[in-house]
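Here the structure comes first, spelled out in structure tokens, and everything after it is commentary.
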Amino acid sequence: MTLTTKLPYSAADRGWLRYEQKASWKGACDISKIIVHNPTEVTSSAIRELQYGISEMFQVSPEVLELTHISAPGGCIRLAVLGEELPSELHASGQAEQLNEEGYILQSISDGGKNDIYIVGRSEKGLLYGAFHLLRLLQTEEDLTELKLIENPVNQLRMMNHWDNMDGSIERGYAGKSIFFKDNRFVQDDGRIRDYARLMASIGINGIAINNVNVHEVETKLIMPEFLPDVAHVAGIFRAYGIKLFLSVNYASSIQLGGLETADPLDKEVGDWWKDKVKEIYSYIPDFGGFVVKADSEGRPGPFTYNRTHADGSNMLAEALEPYSGIVIWRCFVYNCLQDWRDRKTDRARAAYDHFKPLDGQFKDNVILQIKNGPMDFQVREGVSPLLGAMPHTNQVLEFQITQEYTGQQRHLCYLIPQWKGILDFDTYAKGAGSEIKKVASGSLYPYKYSGITAVINVGDDHNLTGHTLAQANLYGYGRLTWNPDLSEEQITAEWIRQTFGSNEEVYAELRSILTASWPIYESYTSPLGVGWMVNPEHHYGPNVDGYEYSRWGTYHFADCHGIGVNRTVKDGTGYTAQYFPENAEMYESLATCPDELLLFFHHVPYTHVLHSGKTVIQHIYDTHFEGVEGVKSLISRWNKLEGRIDTERYQGVLKRLEGQLEHSKEWRDIINTYFYRKSGIEDELSRTIY
């Protein structure tokens, strides 16, 4: 059997699949032969990746042998699915029986003095993920002599949401144009898409929506014969890497495409139109994943127009998809975006819970509610959404944002893995202590039929994929956390650095420090104590303290000459704290127990209020904004140590971004500090320059 050892790389940065040359591999195994029985499309992708990676790293071009009726020769990489004849060692420990549908075993087994490496999966997807894991071990120079591990993905759905538009633009995209679309057509050169599919498979992603949830006129037609052949082509690229394709759809498609006068979900003609449309989609894409829907939010059409509920709307689509095992992913980002800023009782943070909690148990079992990690909108820091874990009878998926809309837009460095780890480890107390968000997402807290994690992606057609080379770490880390949320920040960081920048220990030490420090540094010179939203309207880049303060969007800080913050207490505020289970509700309700970092998210306090740290709120604001600028200087200092140890292109690219971040952090510092000095009239205790 012969497979190509060269992959169709586009002219782009290879991310963490660089496969740079190594002196040798560690272990007694032979990696010059790959043995497989009856390879499928997905298995062939695994074989090609193994061939390519090994040949790049070790200048050995592995021979691929197809196993027929003879036993495998000793000294090889053996790919097998359960049901094939396997060595007794793989069954003795009961490991094989522990595999779930996408899990795999990696194990070294001695055979006649030669060591084989077995990659065993319950399915072909398991083989693919196992192959990438083996390549990761080879890249990071791990010893394979006593290799023995079992891996099962913790989360069932591990998904990416693209907000790409067919004109080539990307909503909240900071890394160039779309890799899928250009000039209202699909791109002709699909090399970047193939590279991207490989990168996603390497971190265990198994679902992708390729178009914006704000579905515009042209994207609405993606479900029509005009574009379905192109959609099917892209679906085929991802299928070869174990990834199902989804589409974001316009809820009013029955009107805009079907010629009906209504999109009422209880109207039989509407339901029949969607059933016919879904049948047509599956005729092009037999393994189509389903629909992602943003309805009744920020001007998008939805069931509210017809006095129907979100359960009515999603169930109608779910019924159409049900015969094909398709699912509806229904976003819970629903709130009043026509709010009167004078109204202190209406609270955008309450909206998702208020809309969806009463509907628990009314959704079909192929509907999943997609819930943002916080109740507002991916702020630098905000409370965890109380809707997560609050609906035991309704499938839920957790939504993160990899693209750095409010965290520096990939011009600033902000490593988000620590933030996401904190959210995943947050205890909801939904079923008492030990009811963490990660258990909601995995479906282990409640017996959800479907659950998992999804995220808004940060990839574009820039040479390095993510605009800022170090922003690749967020993309990699997200995938690793969706596979296993118990992985430590340290392990994820180490894996990414060593695969992306090699094994030099000084490079590793400096980069680890740079990444770990970056989110606290970014937070310190931007939004203090969880208040959020001090950004320029629309594009959300740069400081503008009152940018949204008198707007319709419900994003306020309520700063006056006396104090700052949003009172979300039950006692005399919006009552938002009551949406949490009692243990968290009591913690956030009280000034005595509310964490400093979320104080202004939950409370309106005087500038002279003393934090648990011992500082006043106003002095904290001054200090952190000065410290943030110094923090960016320290990032640059650490990065400068790596000159000559990293290729010039990546070194200079990151340095330019960091230097821009330094100048912008000064802008943040001076505007925020000056605003609150003028608002409060309180001097900085250290008499630093405030304007």
Side-chain angles (χ1 to χ4, degrees), residues 7-8 10 40-45 48 123-125 128 157-168 170 177-201 205-213 215-250 253-254 256-258 273-293 317-318 320-329 366 454 457 459 461:
L7 291 167
S10 59
T40 65
E41 183 180 27
V42 173
T43 310
S44 295
S45 295
R48 273 194 301 272
S123 69
E124 58 184 10
K125 284 188 180 183
L128 179 68
L157 185 64
R158 307 176 301 280
M159 189 169 175
M160 295 295 191
N161 284 180
H162 282 262
W163 285 359
D164 293 31
N165 303 313
M166 290 196 68
D167 64 3
I170 303 174
K177 298 293 186 179
S178 173
I179 64 172
F180 302 111
F181 309 117
K182 182 180 181 181
D183 299 330
N184 292 321
R185 309 295 302 179
F186 278 76
V187 297
Q188 296 302 302
D189 182 358
D190 60 18
R192 176 60 72 93
I193 300 174
R194 294 179 187 277
D195 285 348
Y196 173 60
R198 294 174 47 246
L199 283 163
M200 294 303 94
I205 299 301
N206 64 2
I208 186 167
I210 63 172
N211 66 303
N212 193 354
V213 292
V215 187
H216 304 115
E217 182 178 359
V218 180
E219 297 92 70
T220 296
K221 299 175 184 177
L222 283 171
I223 58 175
M224 299 296 283
E226 176 183 356
F227 289 115
L228 277 172
D230 293 317
V231 177
H233 174 70
V234 173
I237 294 173
F238 285 112
R239 181 183 303 114
Y241 288 93
I243 302 168
K244 279 192 175 185
L245 185 138
F246 292 71
L247 289 174
S248 297
V249 293
N250 183 342
S253 292
S254 59
Q256 293 186 229
L257 302 177
W273 184 87
W274 277 106
K275 288 176 182 176
D276 290 341
K277 178 52 58 184
V278 166
K279 181 179 180 181
E280 183 177 42
I281 293 170
Y282 278 93
S283 72
Y284 286 89
I285 313 167
D287 61 343
F288 180 66
F291 298 141
V292 178
V293 186
L317 294 173
L321 289 161
E322 198 169 26
Y324 310 93
S325 300
I327 60 177
V328 176
I329 302 173
N366 61 327
T454 188
I457 186 66
V459 163
D461 70 354

Atom [atom1] of [X] and atom [atom2] of [Y]: how far apart are they, to the nearest 0.5 Å?
X: Arg185; Y: Glu226; atom1: CZ; atom2: CD; answer: 5.5 Å
X: Lys177; Y: Ile179; atom1: NZ; atom2: CD1; answer: 14.5 Å
X: Ser45; Y: Ile237; atom1: OG; atom2: CD1; answer: 11.0 Å
X: Ile457; Y: Met200; atom1: CD1; atom2: CE; answer: 5.5 Å
X: Glu322; Y: Lys275; atom1: CD; atom2: NZ; answer: 9.5 Å

Show the nearest heavy-atom pair for residues [X] and [Y], with the distance to one decimal.
X: Ala209; Y: Ser248; result: CB-OG, 4.4 Å
X: Ala201; Y: Ile243; result: N-CD1, 4.2 Å
X: Gly207; Y: Phe246; result: CA-CE1, 4.2 Å
X: Ile223; Y: Glu280; result: O-OE1, 4.1 Å
X: Asn250; Y: Thr220; result: ND2-OG1, 3.2 Å
X: Ser178; Y: Asp164; result: OG-OD2, 2.7 Å

Mind checking whether [X] and [Y] have side chains closer than 4.5 Å, heavy atoms only?
X: Phe180; Y: Met166; result: no
X: Ile329; Y: Met159; result: yes
X: Ile208; Y: Tyr241; result: no
X: Trp274; Y: Val249; result: yes
X: Asn211; Y: Leu247; result: yes
X: Ile193; Y: Val187; result: yes
X: Ile281; Y: Leu228; result: yes
X: Val292; Y: Thr454; result: no

Show me the pairs that pass salt bridge (Lys or Arg N to Asp or Glu O under 4.0 Å) and involve residues 229-242, at least two apart or across chains.
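Matches after skipping sequence neighbours: Arg239-Asp287.
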
His162 vs Tyr196 aromatic rings, parallel, tilted or perpendicular, using cut-offs 30° and 60°?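 Judged by the thresholds at 30° and 60°, the geometry between His162 and Tyr196 is perpendicular.
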
Any donor and acceptor pair, going by atom type alone, linking the side chain of [X] with main-chain N or O of [Y] inside 3.5 Å?
X: Asn165; Y: Asp167; result: no
X: Lys125; Y: Gly242; result: yes
X: Gln256; Y: Glu217; result: no

* To do: For Tyr324, enumerate each residue passing the side chain to side chain contact (heavy atoms under 4.5 Å, CB included) test, keeping only those at least two apart in sequence or located in another chain.
  =>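 Side chain to side chain contact (heavy atoms under 4.5 Å, CB included) list for Tyr324, sorted by chain: Val278, Lys279, Tyr282.
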
> Yes or no on salt bridge (charged side-chain N to carboxylate O under 4.0 Å, His left out) for Arg192 and Asp195, after CA distance, side-chain angles and deciding distance?
Replying inline: CA-CA 5 Å; Arg192 176 60 72 93; Asp195 285 348; 5.2 Å; no

Is it true that Phe181 and Phe186 have ring centroids separated by less than 6.0 Å?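 Aromatic pair counts; centres sit under 6.0 Å.
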
query = Hey, mind stepping through Phe291 and Leu321 against side chain to side chain contact (heavy atoms under 4.5 Å, CB included) and telling me if it holds?
reply = CA-CA 9 Å; Phe291 298 141; Leu321 289 161; 3.7 Å; yes

*Kindly write out the residues that satisfy salt bridge (charged side-chain N to carboxylate O under 4.0 Å, His left out) with Glu124, not counting sequence neighbours, or none if the list is empty.*
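For Glu124 there are no salt bridge (charged side-chain N to carboxylate O under 4.0 Å, His left out) partners, ignoring immediate neighbours.
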
